[in-house]
Amino acid sequence: MNHFKSRLATTLLAGALLFGASQALAEAVLHRGNGGEPKSLDPAHISIDIEGFVIYDLFEGLTVHDANGNIIAGAAESWKLSDDGTVYTFKIRDSAKWSDGSPVTAEDFQFAMRRLEDPKNAAEYANLLYPIKNAEAVNTGKMPLDQLGVKVIDAKTLEITLERATPYFLQLMAHYTALPVNKANVEKFGDQWVKPGNMVNNGAFKLQSHVPNDNLTVVKNDQYWDAKNVKLDKVIFYPIEDDAAAVRRFEAGELDVTYNFSADQLKRLRDLYKDQVHVDPGLSTYYYAFDTRQEPMSDVRVRKALSMAIDRDFLSNEIYSGAQLPLYSMVPPGMEGYEKPPQPDFAGLSQIDREDKAVELMKEAGYGKGGKPLNLEIRYNTNTNHERVATAIADMWKTTFGAKVSLVNLDVASHYSYLKEGGKFSVARAGWSADYADPENFLALTLSTNTSFNYAHWNNAEFDALMKKSYDEKDVKARMELMHKAEQILVDEQPVAPLMNTANLWLVSSKVSGWGNNPVNEHYSKYLSVSR
């Protein structure tokens, strides 16, 4: 009997050891629902959040966001700023390496920023780095690349000279436009350098595989300087545009994290999953752009009437269940020093009074009931919430003006490509989340010189002049006042109709640790862990 007990104990101990070993060897894998297929994995050719979520796992800038959205040191361990606020000197970590083991150098950042501003590369977001000395002149072909104010002092020291003091510059350095790329890697593979097996990167993870419209897998980068603190072995991104499908997969335990869900599910999800449901107010704006190049959108009366007829309270409360807030300005609330953003003259009216005045304006312009037919098309990127918003607005315009409204939707990458490439439309849905917490980031979207993001193709010399003056203004208060005046023109002219201050909707499993809610909506996988 004792012999049997001894054998049994030995067997149980061996089994326990094997089980423990298998658990220890099991990969820590995070499954992320990502809301759409990235158009590119090249930092010079991306512009939307679902691309950024992947890119920030693969690459690291001089600065980064922490889990709560604060700016902290990234590939640069420290920096110094000149007394006049125009020269930053960054010290890159000695331990910063590329995924192939080669050192990350100051030249890598210089190469990447020159590449971004090179007009031959047509980077959609090149204007974001215009605060750098000569960046705009370089990007518009007026100066050679070597005149960009990014200087290599030595292998690990980078000096960046600005056109003027820029309070949000460290935020810019965390943005994907300022991420380094490996020169040898890009030159070896050309535009194929972003493919699995080709890509060399410096972030916490490296690209393992990418099956378009199915999944994208990144694995832990052992060469990353802080690899010892990265708890995940693998992250699999799923480009699910169907919100309902993403929620079903989360509820089935197939997704640990998923971005966006239909807001009409908010109450049900909160009842079931409590604090696994995250509704985070963000520095972001949900808006409609009017194509001002063609009639009737070239008429400010038509644009204003259409905007006035949109019941933002209905959109916020009925479609988003209060997860979004009605908005009348392009700049969302919460920008330090900006005070209350300017409002259009109709913002203080009741919805009934707005609609009455909207009818008068439309009649004055010669459209709508009793006038020329008002045939409109609303374009939006495929998403349940966006479809419900477009359907509701179409009904509002039909009821108020007798408009005939058709809806057109494309996947997110195709939708924004169409807008950026100058495709014509009457009305198009868009959204903008702050790249940095400054009103300029929103107002610059409608500059006549912004060929990538001025979807409305609006051109107003007074607006442009005020914004230009704000760039040269060193006094913080005076700078904010100039932008305030510029935005007043914008809300009066309504080339874009701000609709809602967007909240970021996430489902995050209780198995996931390290998640931080933040208004910039940045959630690097390197801060996360998952327990099974």
Side-chain angles (χ1 to χ4, degrees), residues 28 30 32 34 43 46 49-81 88 90-97 104 109 128 158 166-180 201-206 218 220-221 223-233 235 237 256-257 259 275-276 278-284 332 334-336 433-438 441 503-506 508-531:
L30 182 75
R32 286 185 70 152
N34 200 40
I46 66 173
D49 51 11
I50 61 167
E51 295 164 340
F53 297 145
V54 179
I55 290 295
Y56 290 133
D57 278 2
L58 295 171
F59 295 90
E60 181 170 272
L62 295 164
T63 61
V64 297
H65 291 97
D66 69 11
N68 296 313
N70 302 307
I71 291 295
I72 59 172
E77 64 184 9
S78 62
W79 50 85
K80 294 179 181 177
L81 178 60
Y88 281 85
F90 293 92
K91 177 71 172 87
I92 298 168
R93 297 176 189 276
D94 289 334
S95 55
K97 294 180 181 179
V104 173
F109 283 93
L128 203 69
L158 184 73
T166 306
Y168 51 86
F169 188 69
L170 290 176
Q171 296 182 59
L172 285 184
M173 291 299 94
H175 192 262
Y176 41 72
T177 48
L179 294 175
N201 59 288
N202 75 320
F205 299 87
K206 55 187 179 180
V218 301
K220 184 175 178 176
N221 176 12
Q223 297 295 327
Y224 179 57
W225 68 269
D226 197 27
K228 67 180 184 299
N229 289 316
V230 176
K231 299 177 180 65
L232 297 171
D233 297 304
V235 182
F237 292 88
D256 303 307
V257 171
Y259 180 48
D275 57 4
Q276 295 179 73
H278 294 248
V279 179
D280 306 326
L283 297 175
S284 52
M335 294 289 183
E336 186 177 352
S433 295
D435 299 305
Y436 44 93
D438 191 273
N441 190 219
N504 301 307
L505 306 178
W506 291 88
V508 182
S509 170
S510 56
K511 299 186 182 86
V512 175
S513 300
W515 186 271
N517 300 325
N518 62 73
V520 292
N521 200 31
E522 300 297 356
H523 304 280
Y524 303 172
S525 298
K526 74 172 188 173
Y527 300 129
L528 305 179
S529 61
V530 61
S531 60

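All residue numbers refer to positions in the sequence shown, counting from 1. Note that the structure is a prediction, hence the values are computed from the model and not measured. Heavy atoms only: backbone and side chains are in, while hydrogens, waters and symmetry mates are out.
Between the CG atom in Asp49 and the OG atom in Ser433 there is a gap of 5.5 Å [rounded to 0.5 Å]. Considering OG of Ser531 and NZ of Lys511, their distance stands at 7.5 Å, rounded to 0.5 Å. Rounded to the nearest 0.5 angstrom, Leu170 CG and Phe90 CZ are separated by 5.5 Å. With rounding to the nearest 0.5 angstrom, the OG atom of Ser525 is 8.5 Å from the CH2 atom of Trp515. Expressed to the nearest 0.5 Å, how far CD of Glu77 lies from OG of Ser95 amounts to 7.5 Å. Atom-to-atom distance recorded for Met173:CE and His175:NE2 is 10.5 Å, nearest 0.5 angstrom.
A 4.5 Å side-chain heavy-atom check between Ile46 and Ile55 finds at least one atom pair inside the cut-off. Side-chain contact between Ile72 and Thr63: absent, with no pair of heavy atoms (C-beta onward) separated by less than 4.5 Å. Contact annotation: the side chain of Leu62 approaches that of Ile92 to within less than 4.5 Å [non-hydrogen atoms, C-beta and beyond].
Using cut-offs of 30° and 60° for the angle between ring planes, the Tyr524 and His65 rings count as perpendicular.
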Take Val64 and Tyr56 through the test side chain to side chain contact (heavy atoms under 4.5 Å, CB included) and record every step on the way to the result. CA-CA 9 Å; Val64 297; Tyr56 290 133; over 6 Å; no
Should Tyr168 and Asn441 be marked as a side chain to side chain contact (heavy atoms under 4.5 Å, CB included) after you check the CA-CA gap, both sets of side-chain angles, and the distance that decides it? CA-CA 10 Å; Tyr168 51 86; Asn441 190 219; over 6 Å; no
Would Leu58 and Leu179 satisfy side chain to side chain contact (heavy atoms under 4.5 Å, CB included), going step by step from the backbone distance to the final call? CA-CA 10 Å; Leu58 295 171; Leu179 294 175; over 6 Å; no
Verdict with supporting geometry, Asn521 and Trp506, side chain to side chain contact (heavy atoms under 4.5 Å, CB included): CA-CA 10 Å; Asn521 200 31; Trp506 291 88; 2.9 Å; yes
Step-by-step salt bridge (Lys or Arg N to Asp or Glu O under 4.0 Å) determination, Asp94 to Lys97: CA-CA 8 Å; Asp94 289 334; Lys97 294 180 181 179; over 6 Å; no
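Paired with Phe237 under the rule side chain to side chain contact (heavy atoms under 4.5 Å, CB included), one option of Ile50, Asn34, Val257, Leu30 passes, and it is Asn34. Among the candidates Asn518, Asp57, Leu528, the single residue satisfying the side chain to side chain contact (heavy atoms under 4.5 Å, CB included) test with His523 is Asn518.
No donor-acceptor pair closer than 3.5 Å links the side chain of Gln223 to the backbone N or O of Asn202. A donor-acceptor pair is defined here as one N or O able to donate and one able to accept, closer than 3.5 Å; no such pair exists between the side chain of Asn68 and the backbone of Asn70.
Pairing each heavy atom of His278 with each of Asn517, the nearest pair is ND1-OD1, 2.8 Å. The shortest heavy-atom contact between Lys206 and Lys220 is CE-O, 3.9 Å. Scanning all heavy atoms of the two residues, the minimum distance from Tyr176 to Pro43 falls at O-CB, 3.4 Å. When all heavy atoms of Ala96 and Ala75 are compared, the closest pair comes out as CB-O, 4.3 Å. The two residues Ile71 and Ala174 come nearest to each other via the heavy atoms CD1-CB, 3.8 Å. Nearest heavy-atom pair across Leu232 and Phe205 is O-CE2, 3.8 Å.
Taking the ring axis of Tyr259 as reference, the NZ or CZ atom of Arg32 does not stay both within 45° of it and closer than 6.0 Å to the ring centre.
Remark: the Tyr224 side chain and the Glu60 side chain contain an N/O donor-acceptor pair separated by less than 3.5 Å.
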